[in-house]
Amino acid sequence: MSGAAHRVLVAVVALAAATLTPAHAASAAAAPVPDRSVVTWAASADRLGEAPSDRTYRLVVRTSAGGSGMRIRVSNAFGDRPLVIGSAYAGLRRSGAGLVAGSNRKLRFDRAASVTLEPGEIRFSDPLPGRTEAGSDLAISLYVRTAGGPATGHGMALQTSYATAGDHAAEERDGAYAEQVGSWFYLDAVSLDTGPGTGAVVTLGDSITDGWQSTTDKNLRWPDFLARRLNGAPGATVRGVANEGISGNQVLADGAGQSALTRLDRDVLSLPGVRTVVLFEGVNDIKSHSGVTAATLTAGYRRIIDRAHAAGKCVVGATVLPYQGWSEWDPQGDAVRMEVNEWIRTSGAVDAVADFDKVLRSPYNPQRLLPTFDGGDHLHPNDKGMQAMADSIDLADLECDGASGRPRTEAGEPAATPTS
């Protein structure tokens with residue numbers, strides 16, 4: 001595994017937290033969640049517009065790892081005033097906004113039924129007794145009693161959730177939930193106690209990781225395919241998958257969400273049980289025509305890699321996909337892309353490489369996606385392309401020895417056997 005031989009990494013730190021600092025802050029001092037808590041679902045947060053009060057959101061999310069003691073993480077990271085969640089429930093979705101009878105249970109925060117989040121605050125709930133299986137469709141219902149100013153959430157969910165006026169969080173029937181929404185509000189992570197020895201991987205990316213051009217409501221983003229592979233892999237100890245993609249996101253500059261550098265602590269390093277980060281960003285920096293060079297972009301990569309290594313995480317670097325045919329493509333940008341990809345493959349800065357460019361590019365024109373994988377806009381892969389990306393990852397590269405920051409194969413431990 002490249003890169004690890006010349007690094008001395010500090011011991012893994014307690015990163016998962018019950019309360020984090022505001023969205024603009026660089027670091028957080030917070031109480032840890034239990035050691036065996038592992039993120040099973042996550043979505044990066046951003047500003048979502050004006051936040052109404054007296055409204056219930058029923059948010060549909062799918063678990064990757066299974067376990068007990070479910071906790072949710074609620075966020076007012078981008079709020080400018082207190083957010084009051086009057087009640088919160090977690091249940092299993094039957095269909096639409098309807099729940100499996102008897103599954104909807106009240107969540108508490110420091111044993112209280114409601115919680116007030118100050119501007120910038122993020123909070124874990126108390127653990128909910130009982131087991132949740134991998135691949136479960138959860139319905140997290142949040143009654144927002146008091147809100148205002150910018151809402152916090154994830155804009156492009158590619159998953160239908162539901163909303164209604166008033167407090168209907170405890171209801172299992174779908175009658176009150178007449179409004180469909182395509183975003184996740186205030187919820188940014190779900191974790192479970194998975195038992196000893198289990199960890200998670202975070203996919204840090206842009207719209208491709210966020211799933212644009214994959215089929216809505218089908219969980220066909222490439223991290224979803226990866227989660228299913230991990231769940232079926234004998235011997236795999238990495239089970240959780242946290243999708244931290246934001247459409248339009250850049251490594252270096254804020255814009256469509258905070259930059260990867262700015263949001264790294266909140267969206268990646270603070271999540272419980274994370275062992276490995278798949279770093280798959282850069283095309284938006286390149287095609288923005290803002291003067292980004294291969295040197296400046298790879299310097300940004302190095303800062304992310306160094307911070308992840310300092311936290312005891314391994315980093316898999318993913319090559320940038322070709323995008324000729326997209327309106328912002330030009331030869332100069334493509335030259336930067338190819339130079340960046342060569343750096344990812346050969347610099348030794350990352351612990352492993354996921355060569356998505358090699359997997360998805362056309363053998364007849366390597367500046368373009370292979371037509372069978374092209375979602376139609378020549379930048380974003382379709383469902384088949386998403387699966388091909390996930391299938392190309394060596395699952396052994398995701399196994400990371402947290403004490404040394406090295407992949408387990410390099411640390412002398414057995415790794416998972418990759419399966420499709």
Side-chain angles (χ1 to χ4, degrees), residues 23-24 26 44-47 154-156 202-213 221-223 243-269 277-308 315-347 349-350 353-361 366-369 375 377-381 385 389:
H24 58 271
S44 45
D46 198 4
R47 292 176 178 85
H154 186 84
M156 193 178 77
V202 177
T203 59
L204 178 61
D206 49 40
S207 56
I208 300 173
T209 298
D210 211 2
W212 183 244
Q213 294 290 7
R221 314 163 192 87
W222 75 261
N243 185 336
E244 295 292 350
I246 298 180
S247 180
N249 201 230
Q250 296 186 32
V251 173
L252 302 174
D254 292 349
Q258 293 177 319
S259 72
L261 283 163
T262 302
R263 65 190 180 93
L264 183 68
D265 286 342
R266 182 189 66 243
D267 287 354
V268 179
L269 301 182
V277 182
V278 179
L279 175 57
F280 179 43
E281 290 216 37
V283 70
N284 290 315
D285 299 77
I286 293 168
K287 68 183 182 62
S288 67
H289 302 296
S290 60
V292 171
T293 65
T296 56
L297 184 53
T298 56
Y301 287 162
R302 280 195 181 275
R303 290 170 62 191
I304 292 172
I305 294 163
D306 288 347
R307 286 163 63 188
V315 179
V316 175
T319 51
V320 181
L321 295 181
Y323 63 100
Q324 189 180 54
W326 178 265
S327 61
E328 295 167 295
W329 186 91
D330 60 24
Q332 295 77 20
D334 199 58
V336 172
R337 181 186 70 86
M338 289 189 287
E339 187 177 348
V340 166
N341 283 350
E342 185 65 13
W343 182 91
I344 293 169
R345 295 182 182 113
T346 64
S347 68
V350 293
V353 175
D355 203 341
F356 292 161
D357 169 51
K358 182 178 179 181
V359 172
L360 267 63
R361 71 190 180 204
Q367 282 78 39
R368 283 184 177 267
L369 292 173
D377 62 13
H378 312 302
L379 173 65
H380 300 92
M389 292 166 66

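Hydrogens, waters and symmetry mates play no part in the numbers below; they use all other heavy atoms, side chains included.
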From [atom1] ([X]) to [atom2] ([Y]), nearest 0.5 Å:
| X | Y | atom1 | atom2 | answer |
| --- | --- | --- | --- | --- |
| E244 | R263 | CD | CZ | 6.5 Å |
| D306 | Y301 | CG | OH | 14.5 Å |
| H378 | L369 | NE2 | CG | 9.0 Å |
| L252 | T296 | CG | OG1 | 6.0 Å |
| D210 | I246 | CG | CD1 | 7.5 Å |
| D377 | W212 | CG | CH2 | 8.5 Å |

Which atoms form the tightest heavy-atom contact between [X] and [Y], and what is the distance?
| X | Y | value |
| --- | --- | --- |
| I208 | L379 | CD1-O, 3.7 Å |
| V315 | V350 | O-CB, 3.6 Å |
| A294 | E339 | CB-CD, 3.4 Å |
| P322 | D357 | CD-OD1, 3.3 Å |
| F356 | M389 | CE2-O, 3.3 Å |
| L360 | P381 | CD2-CG, 3.6 Å |

When you measure from the side chain of [X] to the backbone of [Y], do you find a donor-acceptor pair of N or O atoms at a distance under 3.5 Å?
| X | Y | value |
| --- | --- | --- |
| D254 | S259 | yes |
| D285 | V251 | yes |
| S347 | I344 | no |

Would you call R307-D265 a salt bridge at under 4.0 Å N-O?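 Looking at D265 together with R307, the answer is yes, because their closest N to O distance falls below 4.0 Å.
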Looking at D334 and R337, is any side-chain nitrogen of the basic one under 4.0 Å from a carboxylate oxygen of the acidic one?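 Between D334 and R337 there is a salt bridge, with a charged N closer than 4.0 Å to a carboxylate O.
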Decide yes or no on side chain to side chain contact (heavy atoms under 4.5 Å, CB included) for L264 and L204, but give the supporting numbers first. CA-CA 9 Å; L264 183 68; L204 178 61; 3.9 Å; yes
Please lay out, stage by stage, how Q250 and V292 fare under the test side chain to side chain contact (heavy atoms under 4.5 Å, CB included). CA-CA 11 Å; Q250 296 186 32; V292 171; 5.5 Å; no
With a 4.5 Å heavy-atom cut-off, do [X] and [Y] have their side chains touching?
| X | Y | answer |
| --- | --- | --- |
| E281 | T209 | no |
| W222 | V278 | yes |
| T319 | R345 | yes |
| L261 | I304 | yes |

Taking it one step at a time, do L297 and I286 satisfy side chain to side chain contact (heavy atoms under 4.5 Å, CB included)? CA-CA 8 Å; L297 184 53; I286 293 168; 3.9 Å; yes
Just wondering, are more than 12 heavy atoms of other shown residues or ligands nearer than 6.0 Å to CH2 in W343?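 Yes - once you tally the heavy atoms of other residues, nucleotides and ligands closer than 6.0 Å, there are more than 12.
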Could you walk me through whether F280 and T203 satisfy the side chain to side chain contact (heavy atoms under 4.5 Å, CB included) test, starting with their C-alpha distance in whole Å, then the side-chain angles of each, then the deciding distance to 0.1 Å, before giving a yes or no? CA-CA 7 Å; F280 179 43; T203 59; over 6 Å; no
